[in-house]
2 protein chains.
Amino acid sequence: MDVRLRDVAERAAVSVKTVSNVVNGSPRVAPDTRSRVQQVIEELGYRPNLSARHLRQGRTGTIAFAVPDLNVPYFSELASSVIAEAKQRSVTVLIEDTGGDRAMESTIAQGFSSSLIDGVILSPLALRRADLARTGRVPLVLLGERDYAKAIDHVVIDNVAAAREATTHLLELGRNRIAVIGVDDQETGRQRVIGYREALAARGIPAEAELMPVTGGFTRAAGAEVMRRLLALPEPPDAVFCFNDLLALGAQRVLLASGRRVPGDVAIVGFDDIEDGRYATPSLTTVAPDKTQIARLAVTLLLDRIETAEPGRQPVLAQAGHELVIRESTSANRTKE
Amino acid sequence: MDVRLRDVAERAAVSVKTVSNVVNGSPRVAPDTRSRVQQVIEELGYRPNLSARHLRQGRTGTIAFAVPDLNVPYFSELASSVIAEAKQRSVTVLIEDTGGDRAMESTIAQGFSSSLIDGVILSPLALRRADLARTGRVPLVLLGERDYAKAIDHVVIDNVAAAREATTHLLELGRNRIAVIGVDDQETGRQRVIGYREALAARGIPAEAELMPVTGGFTRAAGAEVMRRLLALPEPPDAVFCFNDLLALGAQRVLLASGRRVPGDVAIVGFDDIEDGRYATPSLTTVAPDKTQIARLAVTLLLDRIETAEPGRQPVLAQAGHELVIRESTSANRTKE
DNA sequence: ACTGTTCGTTGCAACGTTGTACTGCGAGCG
DNA sequence: CGCTCGCAGTACAACGTTGCAACGAACAGT
């Protein structure tokens, strides 16, 4: 049904291999032969059969990008960046939604659909170190966790510094009862807590456990729920630092609904810089990881790892930049209301 | 490097073909042979090489889902549904982001990466009828447009009825200067305008051109911009019906920033039922298309079309359900504030 | 006992591509 | 003038899988 190399070859009166050479830009082709073949390719509308090519080459030119939840804006934005970056290098991206499920993440880390993909970029949520023990079937790059001991490439941001900057910003506004929302048993959260504590410590303010409640999930609902608990404290916070923007938006909604003013009564800082935060009322101050850079680093590391499959290669830890973007939820001058 | 059928066959002392039969669940295999082969498969961790399988079968088991912008929550939510639905039928989904670019959409409709995919589900934004003239390379299902004459399967919702319901809801609140945001030159918008007009006409209210400004894009920014223009009218609207939730959120932000109350001064209805709308302040009344059903219909139609490749098959128009979800942005009883 | 049928299994070929090794040919050189 | 060399182009095999046709063995029916 489809046009094959063979069809082109017959029409152009050359061998199949010569057509293949033209398609692949091999230098061993005379200019006039090349142009003649090119023309026939146009005429017949030839497209290489990728399955055949990949079977022959042992590569598929496809990488997977696995995220916990595609509906979380941070991940969909990151996915767009990864797709764009991969496209520049003529690589196709398969988006996989793990649902934050540990078994699923573990399967993916081991190369799941196997021969369909050359490598995996995985943004883990529930993955444990033990799950990575049996990796190696497929080149792997992890996003956003750094404590896995095994020889696996990572792309991270400096969570400690970012959290410190966010907290310091709130301190500079004169707030001193700063709650954090988003503490769980994962490494990322742990690092952000460290940064938070460092910022407090620098001003001699003690970190209080009641201001660091454990949070279940990273949704607006979770943010709302925790915010309600914080407001019920004898001495509620005058600022909250949320470990992602969804938590922050959920918290903000509760604050506004309770009649409090943001940032007048409670200032809010989020994390991720998702688009929603820019259009919330008030718009959300947030730590903005450089998603473009993260995507570029991840794709680069993965393709490098695919190229040089030697096991001796040292794992790389790449750090992407971040930036504190100050918007209305922490601006001293209120918007009119 | 990888385990092949041949390796399994040698270890189990059967032919390659028998192993293949076991893998594919062919009935012509003796029970004890089957279990023996199964065991060796487990032992060696055999995974079929999909490139080879697909080369042989002429199918890849992969479909593409192309959306204008993966960062638009409606599309990412829809993508999740499509992925889930496809997974149930052991089909892999390739997410493609067209950027709403007409050339890109046209390319995809013609089967772009060719032999990598068996079919395409396309949610067009800028596509014109002419672009579909040269389709047919690849089975195609279109989402959300209905006026393409060619024999192409469609999945739609009843936009006219949905818009009528939304408008009627606003009328029942006692609003009579109802603006619409999201009018452009596309078919979907045109249908929603029809529904809007019908609802007005049913009450003898004339549709005013100044309340139906043309909108560029479906972003929060566009919604904000149009809302500002509407507020500058000599007689501003007391309700707005937005053709998607992002427009509505942008409009709502402008309203709140200008000191107006929602829904007190201006009521808002959106469209799409994205998660953001549920957690906005106030939460957003919206028309909720049944995304799960849309995904199921689209995947079903596409797979049917792939199965029976006969060109004589009639195109199918499948209609998915929708529902008006009433939340705070049109609720009579205000939240405390 | 012999033919016919069924069942489990097998070998072969092919899917479309590309790497390797090779051929034929003209140019350059001694 | 013959030999070598470089270059354009070619033939063949192989990647891992599955459809097809064929095979032998077991068994039922005559």
Side-chain angles (χ1 to χ4, degrees), chain A residues 1-38 40-41 44-62 90 92 111 113-118 137 309, chain B residues 1-38 40-41 44-62 90 92 111 113-118 137 309:
Chain A
M1 179 62 83
D2 271 353
V3 182
R4 297 155 299 161
L5 279 184
R6 189 175 149 188
D7 303 317
V8 177
E10 281 173 9
R11 199 106 136 53
V14 292
S15 77
V16 172
K17 189 66 222 288
T18 299
V19 181
S20 168
N21 286 337
V22 170
V23 172
N24 293 28
S26 152
R28 280 290 114 91
V29 180
D32 52 341
T33 310
R34 162 163 283 130
S35 63
R36 183 158 42 97
V37 172
Q38 283 286 14
V40 177
I41 288 177
L44 300 184
Y46 168 78
R47 311 279 195 97
N49 180 320
L50 298 182
S51 289
R53 176 178 286 176
H54 299 151
L55 170 60
R56 187 60 240 249
Q57 298 184 330
R59 299 239 187 96
T60 65
T62 303
S90 16
T92 307
S113 20
S114 183
S115 39
L116 230 184
I117 55 161
D118 296 337
R137 292 182 64 91
Chain B
M1 179 61 86
D2 271 352
V3 182
R4 297 155 299 160
L5 279 183
R6 190 176 149 188
D7 303 317
V8 177
E10 281 172 7
R11 197 102 133 59
V14 292
S15 76
V16 173
K17 191 64 225 288
T18 299
V19 181
S20 169
N21 286 336
V22 170
V23 172
N24 293 21
S26 153
R28 282 286 118 89
V29 180
D32 53 339
T33 310
R34 161 162 285 129
S35 64
R36 182 157 42 97
V37 171
Q38 283 286 15
V40 177
I41 287 177
L44 300 184
Y46 167 78
R47 311 278 194 101
N49 179 321
L50 298 182
S51 289
R53 174 178 287 176
H54 299 152
L55 170 61
R56 186 61 239 251
Q57 299 184 328
R59 300 240 187 95
T60 65
T62 304
S90 21
T92 308
S113 17
S114 184
S115 39
L116 229 184
I117 54 160
D118 297 336
R137 291 182 63 93

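The chains referred to below are lettered A, B, ... by the order of the sequence lines, with proteins before strands, and numbering in each begins at 1. Note: hydrogens, waters and symmetry copies are ignored here, and every other heavy atom, side chains too, is used.
A:R59 places no side-chain N or O within donor-acceptor distance of the main-chain N or O of A:D118, the cut-off being under 3.5 Å. A:R28 places no side-chain N or O within 3.5 Å of a backbone atom of A:N21 that could act as its donor or acceptor partner.
D:dT18 atom P lies 9 Å from atom CG of B:N21, rounded to whole Å. In this structure, the CG atom of A:N49 is 6 Å from the P atom of C:dT17, given to the nearest Å. When the C1' atom of D:dC7 is taken as reference, atom CZ of A:R34 falls 14 Å away, rounded to whole Å. The CG atom of B:L5 sits 13 Å away from the P atom of D:dC15 (whole-angstrom rounding). With rounding to whole Å, A:R59 atom CZ is found 11 Å from C:dG19 atom P. We find that CG of B:L50 is positioned 18 Å from P of D:dC15, with the value rounded to whole Å. Spacing between atom CZ of A:R47 and atom P of C:dT17 amounts to 13 Å, rounded to whole angstrom units. Distance B:K17 NZ to D:dC23 C1': 14 Å, rounded to the nearest Å.
Contacts of B:R53 with the nucleic acid, taken as non-hydrogen atoms under 4.0 Å apart, involve only primed sugar atoms and P, OP1 or OP2. Using a 4.0 Å heavy-atom cutoff across all strands shown, A:V16 reaches at least one base atom of the nucleic acid.
By the 4.5 Å heavy-atom criterion applied to side chains, B:Y46 and B:V23 are counted as neighbours.
One finds a side-chain N or O of B:N24 lying less than 4.0 angstrom from the OP1 or OP2 phosphate oxygen of D:dT18. Listed pair B:T18 / C:dT9 fails the phosphate criterion, with no side-chain N or O lying under 4.0 Å from OP1 or OP2. The shortest distance between the side-chain N/O atoms of A:S20 and the OP1/OP2 oxygens of C:dT17 is not below 4.0 Å. Using a 4.0 Å cut-off, no side-chain N or O of A:S15 falls inside it from OP1 or OP2 of D:dG9.
For the atom pair CG (B:N49) and NE2 (A:H54), the distance works out to 11.5 Å, reported to the nearest 0.5 Å. The CG atom of A:L44 lies 10.5 Å from the CD atom of A:E10; values are rounded to the nearest 0.5 Å.
For C:dT17, its base never sits under 3.5 Å from the side chain of A:R56 at any donor and acceptor pair.
Map B:V14 and B:L55 each onto its nearest nucleotide of DNA chain C; the residue landing nearer the 5' end is B:V14. Between A:R36 and B:Q57, the residue whose closest nucleotide on DNA chain D is further toward the 5' end is A:R36.
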